[in-house]
Amino acid sequence: QSSSSNTSKKKWHLLEAQSTLGGRLQNDNAGYNIDMGGAWVWPEHQPHMASLLHEFDLETMLQPEDVDRDGRVRVCGGARAIVDCLEKSIVAGLDG
């Protein structure tokens, strides 16, 4: 599936192999928001991800085994929450 636009002074192309967004960030089939793919974010080393987390007001958390590891955190609501926010942002840009 492919979409593109240049609304809001930003040019983008969105490519997805399936009809749903998020690729390997999809949650379990029962809808329990269990990460089935990418789970951690390293805000200190991933400034673009840190920016998205801030822009969408998404909270992060440590898991007990992650304390004092390497700066990695998990996104509250799962990494899928980032995709959901991006989708809403894109749709709002197309509608606006």
Side-chain angles (χ1 to χ4, degrees):
Q1 185 169 347
S2 173
S3 297
S4 64
S5 176
N6 61 8
T7 60
S8 304
K9 299 181 185 177
K10 293 181 181 179
K11 191 173 190 176
W12 55 269
H13 297 276
L14 176 64
L15 304 172
E16 282 286 349
Q18 299 181 16
S19 62
T20 57
L21 298 176
R24 68 186 203 102
L25 295 180
Q26 292 301 321
N27 290 325
D28 64 297
N29 292 332
Y32 292 112
N33 290 333
I34 299 169
D35 285 322
M36 302 297 284
W40 289 277
V41 176
W42 286 260
E44 184 178 320
H45 303 289
Q46 297 174 305
H48 295 295
M49 291 303 293
S51 178
L52 284 175
L53 293 172
H54 178 73
E55 178 181 344
F56 296 131
D57 199 28
L58 293 171
E59 295 183 14
T60 60
M61 64 182 175
L62 292 173
Q63 287 191 204
E65 63 270 14
D66 292 340
V67 176
D68 295 326
R69 291 280 304 254
D70 53 10
R72 67 182 172 192
V73 293
R74 291 180 77 115
V75 179
C76 294
R80 177 72 202 178
I82 299 169
V83 175
D84 292 341
C85 288
L86 284 168
E87 179 181 16
K88 289 176 187 172
S89 177
I90 290 170
V91 169
L94 293 175
D95 292 340

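Any value given below was found using the heavy atoms of this structure, including those in side chains, with hydrogens, waters and symmetry copies removed. Since this is a predicted model, take the numbers as computed values, not measurements.
Counting only residues at least two apart or on different chains, the side chain to side chain donor-acceptor pair (under 3.5 Å) pairs with a member in residues 42-55 are W42-D70.
Shortest non-hydrogen contact noted between M49 and I82 is CE-CD1, 3.4 Å. Closest approach of A50 to P43, counting heavy atoms only: CB-O, 3.7 Å. Looking at every heavy atom in both residues, A81 comes nearest to C76 through CB-O, 4.0 Å.
The CZ atom of R74 sits 11.0 Å away from the CG atom of L62 when rounded to the nearest 0.5 Å.
A side chain to side chain contact (heavy atoms under 4.5 Å, CB included) with V41 holds for exactly one of T60, L53, L58; it is L53.
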